[in-house]
Every structure is written in structure tokens, then in C-alpha cells.
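A short write-up of the structure that comes next.
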Amino acid sequence: MYINGNIAVTFDKDGKFVDLFDRENNILGTDYSCLDREMLINNNTIEIGEKKKRIQAVSIKDLRIVFEQLLSAVYQIYGKYNIYIDYGKLNSELLVNQLIFDILFDKYSDHCLANKMTKNKYSEIISLKFGDINLKDNINKIIERSMKQNYQMMKSPQLREELLQLGVYPDNYDKYFTPVSRENISKKKPKYVWDHLFYNHYMITYKQYRRQLTMDSHNYSYETFFEDLGQYNKFVEILLPVDNESPEKYFYMTMDYYHLEFYKKIDFIFKLISNTPESAISNIDKEHYLVKYFHPIVLVPIVNDNKLVYTYKAKYYKMLFFIEEMLYQQMKGMSESELSDSDFGIQLFNYQLMRAKAYELFKYHYEFVSSDYSDIKKFISQCYNMRTYHDSNEVWKMIKGKEWKYLDVETKRDLKKLIKKFISVNSALFWKSSKREYGIPK
């Protein structure tokens, strides 16, 4: 059924609302995060009901059952409106695992929101992770410098326009991120906010942020890159849990690394270059399906004066970690022409579409209510193991505990090839842009 000429609405067999999206403008995604009311259909119009009562999922088993049902519903919704997805070609188990992990990461994010901390407290936590409380003052200074650079850069008119497209008001952003303490409206922030600021001014991730991860100027040697990777790997090993970690700690440590990896994508890059034909890597740019970010325009329904109105925004969805790894492993041994003729790009896009809609429908119709960390740990360790994801990259074995000057000629040659490929793909993910240079000293 269509409402207002372009909004496609779907019901279940009992006539209850399931989903809506803007079919006329081919906007397939809908973000329900601003909608907390029931939606009722009366005479081909949508009416606003009482506060939304979400169905509770109380275990990983519940989540698995719900997402299997939602993916089937999404496939039927798309089919009803002649949007073809070859669902039989998709690995439904990996897709369900990804969606379960998405909800677990939301649990982590909610915890961070409910337990905000000061910059000083965050610096103390990170210094203790390094095993040296004396690092606290230095970490504080790193974050202060990062806040100043971030604040100045985001004054760029073009970047402020992008904030608006993402549904973020620049003035509110300024009040939240200003480095001037007395003007900052939130002294306490979620841990993941401090993480962003810390990563953007520390380690090899700082060079990514500044778009300086390049050898164009000859100021960045292979040896320095090798040392930076070693430092990064040590930090990741601090973040990641060991198998015998307590279930609750295992969960939060896993999510700490996951947050770093989907933001900076260092392990992702190594997995990609290990499986992609060497001749194809130089052709990967920011629009290539192997690295292109998935941030579609989505419909955003909002209740205003007890009526349903619509707006639009760009929404960023995180990587499909193990799905992408599976696709890249399938590419191993292909030639560049075989890769160009493959349908991996279509498959990846279909995974992204199915994941995004199933996730948004869950967030509107369901909620996950569980503190059974043993259940959560079992799922992560068996189905979405981030330590395995990181450790499976051979490069960490090549550099761990080693010094560049003591490496043999063959190992140095192999590492130089890897580094060149890494820099090429990194440039496609974190490309240079004049609008990012606004207000930042060279």
C-alpha cells in the first residue's frame, strides 16, 4: 500500500504495521530512531498511537530467531516492490551473526552513554591499560591537542554541511567539542568519544587522521612504518580480551577493539590486500566497491504535533567484518579481469541492504534485554571472535617482537610490498581533501 503517493507501507498478516520506506524516490532505508510511538493505519492514512511497546529479546537465541524472521520479512518486502535481491546467494548465518553483533554493540554504546566520564578519568583508564599511571598527564595532553585540531577542522564550511547531511547540527557540535572547558556543555562524555580523540592524535592512526600516511615526501621510511605497526599491534593486544577473561570484561574489551577497527580499518586493509590481485590494488579508489563506505540516504519519520512527518539524512553503517572477509577470501587467486567480471560488488551491496533494513526494523519493533554475559561471550567467541579476526593477519607475526635492522633481506622485501599496498588502499579509505585542512597547521 502507498501513503501520500510515495511512501510504501507493509503490514503483517494481522494488519499490524511492519515497515515503510520512500519507494518513489528509491530510498529503501528507514531510520526509526526518532519514532517512539505505535503506527496505526486508518482509511489509507497513518495515525499515531500510544507509546511503542517493543517485544523483548532476552537471549542470543532469541536474537537469532528474531533476525531469521526479520530477514525473511525484508526479502518479502523488497520482492513486493520489485526490488530484486538474490537472497539464496547470501550466507544467511553470517548475516544473522552480524546483526546480533550490531545489537550487542548497541548495548556497549548504551553502557558508555550511561557511564560518561571526564577526560581525566579516561586518561587514567588508558594509562592503567598501558600499566603506567604516570602516562595519565601525557594522555590528557594528547586529547587536548586532538580536541583543538578537531574543533578547528570542523569549522570548515564544507564539513559543517556534511554534519547537517548526517543529521548533526554544527552549533551543537561546537558546544560539545569545544576545547575551551568553560564553554563545553558536556565535561563528561562517553568513552567512545574520548577514544576517537585519542586515536586521532596517537599511533599510526594519527597519521591516518592527518592524511599523512604516505611516502610521497620521503619523510616516512619503511623502518618507521614497521615501528608504527609494532606499536599499534601492542596497543590492540592490550585492548583485546584473552579466552579466560571474565564474561563481562570479555564483552567490553571486544567492543573496545571493534570500535577502533571499524573506525581505522587497519586489520581490514591487511585482509583486503592479502586477497586482492596485486594488479588490481592500484585501481582501488574511494568509489571502488571493495572500500566504499555504505552511507545511504534514509527516510526519517518523526512525530510533530501528533502527526507523522518525514525528513531525510545520510546514515553511516559499519563494516560487515566477517562477511567482507569471506568475500575477500573468495577473491584469492583471481586475476584482475576475473575480479572485474565477478558479482562480489552486487553481493556486498545486497548484504548491506538486507542488514540495514533488518537492523532498523529490529530497533523499532524489538529491544534486547539481557545481562547474561556468559551467553554473550559464548556467541562472540564462537561466531564473531575479534581476536581471531586480528590475529589471522600474518603481518603481526612478521613484526611482533622484532626490529627492522635484524630482519633478513627476504622478510624486508615482503614487508615493503605489503606497506606499499597498505598505503595505496589506505589512501582510498582516508583520502586527502582540501576541506580537512581548514584551520589545521601544517
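Counting from 1, the numbers follow the sequence of the chain as shown.
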Crowding at CD, Glu161 (>12 non-hydrogen neighbours, <6.0 Å): no
Would you say the rings of [Y] and [X] are close, in the sense that their centroids are separated by under 6.0 Å?
{"X": "Phe344", "Y": "Tyr289", "value": "no"}
{"X": "Phe235", "Y": "Phe130", "value": "yes"}
{"X": "Phe321", "Y": "Tyr389", "value": "yes"}
{"X": "Phe262", "Y": "Tyr258", "value": "yes"}

Between [X] and [Y], what is the shortest heavy-atom contact and its length?
{"X": "Glu261", "Y": "Phe268", "value": "OE2-N, 2.7 Å"}
{"X": "Tyr366", "Y": "Gln69", "value": "OH-OE1, 4.4 Å"}
{"X": "Met203", "Y": "Gln231", "value": "CA-OE1, 3.5 Å"}
{"X": "Ser424", "Y": "Ile281", "value": "OG-O, 3.6 Å"}
{"X": "Cys34", "Y": "Pro301", "value": "CB-O, 3.9 Å"}
{"X": "Leu90", "Y": "Gln347", "value": "CD2-O, 4.0 Å"}

In Å, rounded to the nearest 0.5 Å, how long is the span from [atom1] of [X] to [atom2] of [Y]?
{"X": "Asp19", "Y": "Phe11", "atom1": "CG", "atom2": "CZ", "answer": "11.0 Å"}
{"X": "Phe21", "Y": "Ile7", "atom1": "CZ", "atom2": "CD1", "answer": "9.5 Å"}
{"X": "Lys421", "Y": "Ile423", "atom1": "NZ", "atom2": "CD1", "answer": "13.5 Å"}
{"X": "Phe198", "Y": "Thr205", "atom1": "CZ", "atom2": "OG1", "answer": "8.0 Å"}
{"X": "Leu239", "Y": "Met386", "atom1": "CG", "atom2": "CE", "answer": "12.5 Å"}
{"X": "Tyr173", "Y": "Leu163", "atom1": "OH", "atom2": "CG", "answer": "6.5 Å"}

Determine yes or no for a side-chain-to-main-chain donor-acceptor pair under 3.5 angstrom, with [X] supplying the side chain and [Y] the backbone.
{"X": "Asp31", "Y": "Ser33", "answer": "yes"}
{"X": "Asp375", "Y": "Ile60", "answer": "yes"}
{"X": "Arg160", "Y": "Met154", "answer": "yes"}
{"X": "His365", "Y": "Val18", "answer": "yes"}
{"X": "Thr224", "Y": "Tyr220", "answer": "no"}
{"X": "Asp343", "Y": "Ile346", "answer": "no"}
{"X": "Asp14", "Y": "Lys16", "answer": "no"}
{"X": "Ser156", "Y": "Met153", "answer": "no"}
{"X": "Arg387", "Y": "Leu240", "answer": "yes"}
{"X": "Tyr87", "Y": "Asn350", "answer": "no"}

Should [X] and [Y] count as an ion pair when the cut-off is N to O under 4.0 Å?
{"X": "Lys417", "Y": "Glu278", "result": "no"}
{"X": "Lys119", "Y": "Glu144", "result": "yes"}
{"X": "Lys318", "Y": "Asp102", "result": "no"}

Aromatic plane relationship, Tyr199 with His259 - under 30° parallel, 30 to 60° tilted, over 60° perpendicular: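 The arrangement is tilted - the two ring planes meet at 30° to 60°.
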Cation-pi geometry met for Lys189 and Tyr176 (6.0 Å, 45°):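 Yes; both conditions hold, so Lys189 lies above the ring face of Tyr176.
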No-hydrogen, no-angle side-chain donor-acceptor test under 3.5 Å, [X] and [Y]:
{"X": "Thr118", "Y": "Asn120", "value": "no"}
{"X": "Asn184", "Y": "Tyr151", "value": "no"}
{"X": "Asp256", "Y": "Tyr108", "value": "yes"}
{"X": "Tyr263", "Y": "Asp195", "value": "no"}
{"X": "Asp285", "Y": "Trp431", "value": "no"}

CA sep, side-chain torsions, deciding dist, call: Lys357, Glu360, salt bridge (Lys or Arg N to Asp or Glu O under 4.0 Å): CA-CA 5 Å; Lys357 184 163 278 294; Glu360 299 296 353; over 6 Å; no
Of Arg210, Gln208, Gln149, Lys264, the residue whose pairing with Asn200 passes side chain to side chain donor-acceptor pair (under 3.5 Å): Lys264
From CA spacing to verdict: side-chain contact (heavy atoms from CB on, under 4.5 Å), Leu197, His201: CA-CA 7 Å; Leu197 293 165; His201 215 84; over 6 Å; no
Salt bridge (Lys or Arg N to Asp or Glu O under 4.0 Å) partner of Asp36, the single match among Arg54, Lys363, Lys53: Arg54
Pair Ile266-Tyr232, side-chain contact (heavy atoms from CB on, under 4.5 Å): steps then yes or no: CA-CA 9 Å; Ile266 287 179; Tyr232 178 81; 3.7 Å; yes
Test log, rule side-chain contact (heavy atoms from CB on, under 4.5 Å), inputs Ile376 and Tyr250: CA-CA 9 Å; Ile376 292 170; Tyr250 185 95; over 6 Å; no
Residue pair Leu308, Leu35: steps toward the side-chain contact (heavy atoms from CB on, under 4.5 Å) verdict: CA-CA 9 Å; Leu308 193 65; Leu35 192 63; 3.9 Å; yes
